[in-house]
Amino acid sequence: MRPPRVALSLILSLLGCASGLLAQLPEDAAEKRLAQQRQCRAWLRSALDFRQQGKPADALLVLDSVLLCDAKNPDAYYLRSRLLIENGDTTGAITALRLGAAEAPLSTRLKLFLARLLIARSDFSEAASLVDAVLRIKPHEGEALYLRGVLDLKSGNEAAALDHLELALKYGLESHAR
């Protein structure tokens, strides 16, 4: 009769060890993810440093690493698009912002920056969709209200434009309204 108890005891102890290992897995995964996020932040800081040093090609290479590490990083897409614009590649910037807006759908900053570029290129319908998406997320976003007013003016809707521009002023967008 002893062998079954020993076997049961051994199985229970193995299960205890296994459950201990299983309990550590999420913690290890969380630690790994945290380390990965730290690395991404360090690369993003390096990209900013390269930009300040006048090395946009190096900054873009580092941003590629950030986006490989975290494909949903809105800061990396934003900085990438700024660098591309600074180097005369507005089309590349628009592509990067579209990808970033798709990967990070709650990033209002990416959508608004993309909308500004599209308005400058007279692509009012896509810009309007982006601005409206931002206003669904943040109904009192001053810049979005301002851009909505600009788009209303472009479409000939002066009454709506005036309403949106007044709201933009109300919610703190004096600098854009001037």
Cut-off 3.5 Å, no hydrogens considered: what does the side-chain donor-acceptor table look like for residues 161-168, sequence neighbours left out?
residue, atom, partner, partner atom, Å
His164, ND1, Asp152, OD2, 2.5
His164, ND1, Ala160, O, 3.0

Is it possible for you to say whether Leu145 and Ile119 belong to one hydrophobic cluster, with membership spreading through side-chain heavy-atom contacts below 4.5 Å?
yes
Find the distance between OG (Ser81) and CG (Leu114) and round it off to the nearest 0.5 Å.
9.0 Å
Tightest non-hydrogen contact, residues Leu117 and Ala93, listed as CD1-CB, 4.3 Å
With a 4.0 Å cut-off on N to O distance, would you call Arg109 and Asp75 a salt bridge?
yes
With a 4.5 Å limit on heavy-atom distance, are the side chains of Leu60 and Asp64 in contact?
no
With disulfide bond (SG atoms under 2.5 Å apart) as the rule and sequence neighbours excluded, what pairs involving residues 83-145 come up?
none
So, using ring pair (Phe, Tyr, Trp, His ring centres under 6.0 Å) as the criterion, who are the partners of Phe50 when residues are at least two apart?
none
Quick check for you: to the nearest 0.5 Å, what is the distance between Leu118 atom CG and Ile94 atom CD1?
5.0 Å
Can you pull out every side chain to side chain donor-acceptor pair (under 3.5 Å) where at least one residue sits in residues 126-137? Sequence neighbours excluded, please.
Arg98-Glu126, Asp132-Arg148
Side-chain heavy-atom pair Leu67, Arg80 within 4.5 angstrom cut-off:
yes
Taking only distance into account, with no hydrogens and no angle test, what donor-acceptor pairs under 3.5 Å do side-chain atoms of residues 34-45 form with protein atoms, sequence neighbours excluded?
residue, atom, partner, partner atom, Å
Gln36, OE1, Arg33, NH1, 2.9
Gln36, NE2, Cys69, O, 3.2

Measuring only between side-chain heavy atoms, which start at C-beta, is Leu112 closer than 4.5 Å to Glu141?
yes
Return all side-chain donor-acceptor pairs below 3.5 angstrom for residues 84-92, not counting sequence neighbours, or 'none' if the list is empty.
residue, atom, partner, partner atom, Å
Glu86, OE1, Arg51, NE, 3.4
Glu86, OE2, Arg51, NE, 3.1
Glu86, OE2, Arg51, NH2, 2.2
Asn87, ND2, Leu83, O, 2.9
Asp89, OD1, Gly92, N, 2.7
Thr91, OG1, Arg121, NH2, 2.9

